[in-house]
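Fair warning: this is a prediction, and the values are worked out from it, not measured in the lab. Just so we're on the same page: letters track the sequence lines, and every chain starts at 1. Below, all heavy atoms of this structure are taken into account, side chains as well, without hydrogens, waters or symmetry copies.
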Amino acid sequence: MDNMVEFPDREMIEQEAAQWLVRLDNDKLLDPAELQSFKDWINRSPLHREELIGLSEFWSGQSLAALPIRLEQLCYETSARHESEPERSWSLGRWASVAALLFVGLCIALVSGTHWLPGATQPSDFSTALYATAVGQQRTLTLPDGSMISLNTNSQVKVDYNHEYRNIQLLQGEAHFDVAKQPGRPFRVYAGRGRVQAVGTAFTVYFRSNDDVDVAVTEGTVALAVLTESDIADKKSLTSATETSIPSEEPIPKSSELYLKFPVDELGVLEAGQATTILVADKSQVEAGKKLDGVKNITQEELVRRSAWRSGLLVFSGHSLEEVVKEMGRYTTLSIEIVDPELKTVRIGGRFSMDSTTALFNALEANFGLRVTQLDYNRVQISSGKK
Amino acid sequence: MAMDGLESYCRAVDKLPEQCRRVYLLRKVHGLSHKDIAARLDITVRSVERHLQKGVVKCRAYMREEDGVDVKVGSQNSVANLRKERVK
């Protein structure tokens with residue numbers, strides 16, 4: 001219908017995506033206002049997300065890192081900028097063949113399905129990338145150290161590795177981490193102001209849209225902490241901070257400075273079979289010292305339910321229809337509305353495939369006496385079937 | 001095949017305006033922070049970021065157009081694929 005406007009639109013989205021990509025790739029964390037406007041942008045349209053994912057996959061390709069270009073060649077006296085004839089002595093085309101040998105490593109990495117170059121083939125220990133999933137999509141990544149990340153629907157992580165630490169920022173959504181054991185090189189997940197640290201363990205972090213952070217541990221133990229800085233993007237307060245998260249660590253490389261200098265408030269450890277929520281949404285609670293929503297021991301059954309998404313399933317047992325609809329909302333762009341308020345408390349149980357919302361709707365109709373009406377391509381109503 | 005990808009990537013970067021190319025390479029080859037790049041080239045962090053934005057868009061466009069090279073690195077698993085992987 002509106003094919004005419006698609007082109008300019010696409011270009012603008014590409015520009016905006018490039019802007020966010022570059023911003024996210026910076027060493028500086030997003031401040032709360034930026035994070036909000038990022039979330040707003042990404043949720044405005046599936047096209048936004050698609051464009052950012054595509055662009056970030058291109059950007060994260062590490063092939064250029066294999067080029068033998070000396071730093072000084074790029075930083076020679078700025079007057080050269082004004083020469084009308086651009087300096088050709090460092091034409092990249094010629095270097096490409098020099099890089100061929102170095103590049104074999106990358107080819108192997110690509111063939112074996114690894115997303116990254118092994119750290120050793122890179123000229124520096126710099127290794128950062130952004131990964132994202134669209135609504136309804138999931139993917140599993142293997143990181144250079146052998147750790148695995150499974151991303152649930154509508155989620156984004158920024159991976160920041162160097163030889164001293166392994167930092168992950170969960171910018172949005174939910175992820176399960178299977179951490180390769182590396183003593184002395186902590187694996188930390190930052191979600192807003194919550195921090196989860198592990199050495200050789202498996203756990204799931206869900207960064208709720210209200211900024212609270214759900215953590216469930218399936219293996220080993222993790223240490224929980226809250227970043228206490230009220231404005232986490234305030235650099236001045238960071239440089240004056242005296243407490244570092246890992247007291248034993250050596251002088252910190254520059255790119256990691258910001259992370260490691262966040263003053264943190266240790267909240268204690270969580271063991272396998274336990275779950276909790278780091279409460280950071282409500283500032284007054286944080287200040288009053290109530291930062292954890294009680295540590296719960298969760299049954300094996302509950303743990304299985306919570307990690308069902310990793311096998312493409314949604315599992316409910318006695319959850320209210322309202323909760324079910326909210327959970328479904330994470331996996332589909334459909335807007336689902338419950339028409340009759342009294343239906344919200346109807347209890348729902350069962351295992352549903354994430355692939356098909358239709359199957360779930362059919363089950364609701366067949367087993368729970370509900371009626372599901374598709375209003376238009378984007379809207380669905382659930383009403384009482386008995387009428 | 002992957003080698004073609006690098007050559008084409010190099011040609012794409014070569015086509016960038018000089019300052020833009022320099023910023024792009026300092027970031028992608030040397031992994032310098034935006035702040036470091038700004039200091040070394042005596043420009044603002046904002047212009048570093050503008051060069052990077054322009055660079056990534058132009059390089060991808062060049063590679064798509066000139067070579068038809070598949071610029072996607074890494075793969076995305078749909079839920080269905082994920083399930084297949086788990087089954088095996």
Side-chain angles (χ1 to χ4, degrees), chain A residues 14-15 18-19 21-23 25-28 53-55 57-67 69 71 74-75 78 80-81 86-87 91-93 95-97 99-100 103 106-107 110 113 115 122-128 131 133 136-141 254-255 311-312 353-355, chain B residues 1-14 17-19 21-37 40-43 45 48-57 59-61 63-64 71-83 85-87:
Chain A
E14 188 181 38
Q15 288 299 331
Q19 217 167 325
L21 178 70
V22 168
R23 176 62 191 91
D25 192 48
N26 194 349
D27 292 326
K28 217 178 87 186
I53 292 173
L55 209 55
E57 287 190 344
F58 175 75
W59 176 252
S60 304
Q62 296 287 343
S63 54
L64 283 185
L67 291 175
I69 304 173
L71 194 59
L74 296 173
C75 298
T78 44
R81 237 187 288 166
E87 175 86 63
S91 166
L92 289 170
W95 285 350
S97 52
F103 204 60
L106 177 66
C107 301
L110 287 176
H115 291 79
Q122 288 184 33
S124 66
D125 53 17
F126 156 82
S127 181
T128 158
Y131 296 101
T133 49
Q137 189 195 20
Q138 298 181 324
R139 63 193 286 206
T140 298
L141 318 158
K254 55 190 175 324
S255 69
S311 8
S353 161
M354 281 174 189
D355 287 350
Chain B
M1 183 224 98
M3 195 54 227
D4 290 346
L6 179 59
E7 274 172 2
S8 145
Y9 202 169
C10 287
R11 280 195 298 276
V13 174
D14 250 354
E18 172 149 3
Q19 188 75 339
R21 177 179 52 194
R22 211 176 288 195
V23 170
Y24 200 85
L25 290 172
L26 284 171
R27 182 67 189 154
K28 293 308 289 179
V29 178
H30 295 277
L32 295 187
S33 73
H34 299 180
K35 219 175 104 191
D36 268 4
I37 298 172
R40 279 172 192 274
L41 299 180
D42 195 23
I43 56 178
V45 170
V48 167
E49 294 185 344
R50 268 199 298 263
H51 282 308
L52 291 174
Q53 282 161 30
K54 193 162 118 186
V56 67
V57 169
C59 284
R60 188 175 65 161
M63 287 174 74
R64 272 182 177 165
V71 294
K72 277 196 174 169
V73 181
S75 63
Q76 294 181 31
N77 295 332
S78 68
V79 172
N81 286 338
L82 204 71
R83 190 107 30 81
E85 278 168 31
R86 280 175 198 288
V87 168

Considering all heavy atoms, the nearest A:Trp59-B:Leu52 contact
CH2-CD2, 3.9 Å

Separation between NZ of B:Lys54 and CD of A:Gln19, rounded to the nearest 0.5 Å:
14.0 Å

Could you look at A:Leu21 and say if it's the side chain, the backbone, both or neither that has a heavy atom under 4.5 Å from chain B?
side chain

Contacts of A:Glu14 that satisfy side-chain hydrogen bond (donor to acceptor under 3.5 Å, both in side chains) - sequence neighbours left out:
B:Arg60

Are the side chains of B:Arg27 and A:Val22 in touch, meaning some heavy atoms are under 4.5 Å apart?
no

